[in-house]
Amino acid sequence: MATCWPEPIVSVQSLSQTGVPTVPNRYVKPAHQRPVFNTTQSDAEMEIPVLDMDDVWGKPEGLRLVRSACEEWGFFQMVNHGVNHSLMESVRGAWREFFELPLDEKRKYANSPDTYEGYGSRLGVVKDAKLDWSDYFFLNYLPSSIRSPSKWPSQPPKIRELIEEYGEEVRTLCERLIETLSESLGLEPNHLMKALGGENKVGASLRTNFYPKCPQPQLTLGLSSHSDPGGITILLPDEKVAGLQVRRGDGWITVKSVPNALIVNIGDQIQILSNGIYKSVEHQVIVNSGMERVSLAFFYNPRSDIPIGPIEELVTENRPALYKQIRYDEYRSLIRQKGPCGKNQVDSLLLSR
Ligand code: OGA
Ligand code: NI
């Protein structure tokens with residue numbers, strides 16, 4: 001796999017700070033990919049489900065709510081999720097401070113496409129690709145053997161501790177969610193975790209996304225349409241600025257985040273394991289001219305070196321296996337070359353019938 005980027009990296013935040021009046025051509029999306037802002041009245045009223053996790057954990061009715069959210073939307077917001085609210089605020093605040101550091105300081109962590117770890121401004125290594133209006137910091141969290149805190153930012157002073165504290169709470173939440181997803185699919189509580197490789201072998205990573213102000217938000221995207229490649233994603237959105245859009249039919253729903261909520265979405269590997277019962281739904285991020293936006297995406301993924309395919313119990317005569325098996329390391333390396341590409345990657349595993 002390539003070890004360098006095909007073109008010199010430009011920090012979008014620095015570009016935005018120069019006050020460019022127009023979006024450079026590298027970021028101008030073809031007309032059919034540009035964002036849609038003016039939804040019809042009925043679309044504007046649509047919302048992804050909001051689940052109070054106190055009504056979900058250990059409750060049969062809760063399992064039905066989870067099942068219908070994962071079948072129909074692939075996304076839901078969680079309140080009473082158990083992650084400390086002031087920790088959420090502090091870790092997001094610390095990342096905001098990181099992005100406010102001078103470019104030279106951030107560049108010390110400049111990443112390369114072989115692991116993506118560090119500070120970066122592009123996903124994918126396709127030469128001449130249209131780029132997204134964002135910068136990010138990516139780090140490995142699990143298994144702890146691949147965690148390298150020395151590659152994590154050292155400024156602001158508390159950021160490493162905050163990442164770990166937040167990581168531990170979100171990891172616990174993910175373990176609980178995987179158990180709930182398993183039961184909601186009619187499986188034993190530990191079945192899905194076993195299929196992911198077991199809680200000591202699963203992978204997790206954190207990507208903090210920074211979306212700078214954009215002079216022409218109608219021409220570009222903060223993050224192009226994609227589905228998340230892994231197991232589940234826990235998103236801590238910006239507390240003030242909306243931007244996440246979720247695919248609904250031919251259109252997009254802009255998520256209005258509930259105060260202190262976390263957003264969870266199903267990734268491609270759970271779509272595969274559930275034999276297509278749960279949907280890994282396309283999403284994208286729009287930007288705006290007035291406010292920058294910060295979000296933290298915690299990706300909880302299968303163990304990378306075992307085959308992932310539809311769970312046997314979910315394959316029946318009426319519902320034959322939809323996908324061929326693939327190891328997550330192989331899947332991820334394909335995604336890392338191409339960058340965000342809608343649902344093309346998971347669709348490429350569909351078995352023809
Ligand atoms: C992602 C993602 C959404 C957001 O990082 O994969 O979809 O709101 N982020 O930043
Ligand atoms: Ni995503």
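None of the values given here were measured: they were computed from a predicted structure.
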_Does this structure show an ion pair linking Lys158 with Glu161, if we count only N-O contacts that are shorter than 4.0 Å?_
no

*Please determine if Asp305 and Arg303 form a salt bridge, counting it only when a charged side-chain N lies under 4.0 Å from a carboxylate O.*
yes

*Return yes if a side-chain donor-acceptor contact under 3.5 Å exists between Tyr166 and Asn84, otherwise no.*
no

*Give, for atom SG of Cys70 and atom CZ of Phe75, the distance between the pair rounded to the nearest 0.5 Å.*
11.0 Å

*Just checking, is any N or O donor in the side chain of Lys106 or Gln13 under 3.5 Å from an acceptor N or O on the other one?*
yes

*Does the distance from a Lys or Arg side-chain N to an Asp or Glu carboxylate O, for Glu117 and Lys151, drop under 4.0 Å?*
yes

*asked:* Salt bridge check, Asp238 against Lys240: does any charged N sit closer than 4.0 Å to a carboxylate O?
replied: no

*For Leu196, does its backbone N or O pair with a side-chain atom of Lys201 as donor and acceptor, under 3.5 Å?*
no

*Can a donor-acceptor pair be found between the side chains of Asn209 and Ser295 at a distance below 3.5 Å?*
yes

*Is the shortest side-chain N to carboxylate O distance from Arg160 to Glu164 below 4.0 Å?*
no

_Output field: ring centroids Trp5/Tyr116 closer than 6.0 Å_ = yes

Could you give the side-chain donor-acceptor pairs of residues 217-224 under 3.5 Å, partners two or more places apart or in another chain?
{"residue": "Thr220", "atom": "OG1", "partner": "Tyr27", "partner atom": "O", "Å": "2.6"}
{"residue": "Ser224", "atom": "OG", "partner": "Lys29", "partner atom": "NZ", "Å": "3.0"}
{"residue": "Ser224", "atom": "OG", "partner": "Asp132", "partner atom": "OD1", "Å": "2.6"}

*asked:* When you compare the side chains of Glu282 and Ser225, does any donor N or O come within less than 3.5 Å of an acceptor on the partner?
replied: yes

*asked:* Test question: given the 4.5 Å side-chain rule for I, L, V, M, F, W and Y, name all other residues clustered with Val79, or answer none.
replied: Val50, Val258

*Going by atom types alone, do Thr3 and Asp114 pair a side-chain donor with an acceptor below 3.5 Å?*
no

*Side chains of Asp268 and Tyr331: do they bring a donor and an acceptor to under 3.5 Å?*
yes

*Centroid-to-centroid, Trp133 to Tyr211, below 6.0 Å?*
no

_Nearest-0.5 Å distance that lies between atom CD in Glu47 and atom CZ in Phe76_ = 15.5 Å

*Modelled atom types, side-chain donor and acceptor of Lys338 and Gln345, under 3.5 Å*: yes

*Is it true that Arg122 and Glu7 make a salt bridge, defined as a side-chain N closer than 4.0 Å to a carboxylate O?*
yes

Check: residues 178-186 side-chain donor-acceptor pairs under 3.5 Å, at least two apart:
{"residue": "Thr180", "atom": "OG1", "partner": "Arg176", "partner atom": "O", "Å": "3.0"}
{"residue": "Ser182", "atom": "OG", "partner": "Glu188", "partner atom": "O", "Å": "2.6"}
{"residue": "Ser182", "atom": "OG", "partner": "Leu192", "partner atom": "N", "Å": "3.2"}
{"residue": "Ser184", "atom": "OG", "partner": "Thr180", "partner atom": "O", "Å": "3.3"}
{"residue": "Ser184", "atom": "OG", "partner": "Leu181", "partner atom": "O", "Å": "2.8"}
{"residue": "Ser184", "atom": "OG", "partner": "Tyr278", "partner atom": "OH", "Å": "2.5"}

_Between Phe210 and Phe99, ring centroids under 6.0 Å_ = yes

_Between Thr22 and Gln216, is there a side-chain donor-acceptor contact under 3.5 Å, judged purely by atom types and distance?_
no

*Taking atom types as modelled and ignoring hydrogens, do the side chains of Glu168 and Tyr141 form a donor-acceptor contact shorter than 3.5 angstrom?*
yes

*asked:* Is it true that Ser154 and Tyr109 share a donor-acceptor pair across their side chains at a distance under 3.5 Å?
replied: yes

*Charged N to carboxylate O under 4.0 angstrom, Arg171 versus Glu175?*
yes

_Arg92/Glu89 ion pair, N-O < 4.0 Å_ = no

*Going by distance alone, is a donor N or O of one side chain under 3.5 Å from an acceptor N or O of the other, for Asn260 and His81?*
no

